[in-house]
Amino acid sequence: MKSETVETKYSYFDLVYEITRQIPVGRVSSYGAIADYLALGSSRMVGWALNHSFAQMIELPAHRVVNRKGELTGRHHWNPPQLMGQLLQKEGVQIENDKVINFQEVFWHPKELDEG
DNA sequence: CCAATGACGACTT
DNA sequence: GAAGTCGCCATTG
């Protein structure tokens, strides 16, 4: 398959990338939050888009996107897998057992872009 | 075209 | 509140 087709056909790829780029340092967001903001109707699409961002080798702070529980479920797609947590810790996000400790405090929702 | 899969989430039991 | 079930939508075989 051609990756070009994907880029051309599905604009929400770029939307997901945009939102992910907007996540402040030291904060994290969730697939559901992004999916909700973009009205994708499916949080799976967010992870799917991020997964392809690797294949396209796009510079993206995908490590700031975790699932709704704050777990680093995407770490298996990193190289090495523990890099995801390491990057977050470097940014000030406390990680323990592959999940964000103070998830509620550092959680960031894209709606904050509209609020200011 | 049908079945299985996935970096998920909400609901029900 | 933990475990199980269904919904979600696009990709892949």
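Here is how names work: the chains are called A, B, and so on, in the same order as the sequence lines, proteins then strands, and each is numbered from 1.
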Problem - Proximity to the side chain of A:Trp48 - top-ranked nucleotide from B:dG9, B:dA7, C:dA10 - result: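 Minimum distance to the A:Trp48 side chain belongs to C:dA10.
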
Practice task
Look at the side chain of A:Tyr12 and decide which nucleotide, out of C:dA10, B:dA7, C:dC9, has an atom nearest to it.
Solution key: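 Among C:dA10, B:dA7, C:dC9, the one nearest the side chain of A:Tyr12 is C:dA10.
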
Practice task
Could you label the plane-to-plane angle of the A:Phe107 and A:His109 rings as parallel, tilted or perpendicular, counting under 30° as parallel and over 60° as perpendicular?
Solution key: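 It falls in the perpendicular class, over 60°.
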
Practice task
Please check the phosphate of B:dC8 (OP1 and OP2 only) for any side-chain N or O of A:Thr73 closer than 4.0 Å.
Solution key: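 True: A:Thr73 side-chain N/O within range (under 4.0 Å) of B:dC8 OP1/OP2.
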
Problem - Sugar-phosphate only, base, or nothing, as touched by A:Leu40 at under 4.0 Å among non-hydrogen atoms - result: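 Sugar-phosphate, backbone atoms only, no base.
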
Practice task
Scan A:Asn67 against the nucleic acid and name what it touches under 4.0 Å (heavy atoms): base, sugar-phosphate only, or nothing.
Solution key: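 Sugar-phosphate only.
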
Please report the distance, rounded to the nearest Å, between [atom1] in [X] and [atom2] in [N].
X	N	atom1	atom2	result
A:Phe13	C:dA10	CZ	C1'	9 Å
A:Arg75	B:dC8	CZ	P	12 Å
A:Lys99	B:dA7	NZ	P	19 Å
A:Tyr31	C:dC8	OH	C1'	16 Å
A:Leu50	B:dG6	CG	C1'	13 Å
A:Asn51	B:dT5	CG	C1'	12 Å
A:Arg44	B:dT5	CZ	C1'	8 Å
A:Lys69	B:dA7	NZ	C1'	13 Å

Practice task
Kindly say whether, by distance alone, the side chain of A:Arg68 makes a donor-acceptor pair under 3.5 Å with the base of B:dG9?
Solution key: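 Answer no: no donor N or O sits under 3.5 Å from an acceptor.
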
Practice task
Verify whether one side chain among A:His63 and A:Gln86 offers a donor that lies under 3.5 Å from an acceptor in the other.
Solution key: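 There is no such pair between these side chains.
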
Handout entry: A:Phe54 and its ring-ring contact (aromatic ring centres under 6.0 Å, His included) partner, picked from A:Trp78, A:Trp48, A:Tyr17
Key =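 That would be A:Trp78.
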
Exercise for the section: Supply the atom-to-atom distance A:Glu71 CD to A:Phe103 CZ, rounded to the nearest 0.5 angstrom. Expected result: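 Going from CD on A:Glu71 over to CZ on A:Phe103, the span is 9.5 Å.
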
Handout entry: Integer angstrom distance from the P of C:dC6 to that of B:dA4
Key =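 About 15 Å, rounded to a whole number of Å.
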
Practice task
Identify whether the distance between the nearest side-chain nitrogen and carboxylate oxygen of A:Glu105 and A:Arg27 falls below 4.0 Å.
Solution key: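 Salt bridge absent between A:Glu105 and A:Arg27.
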
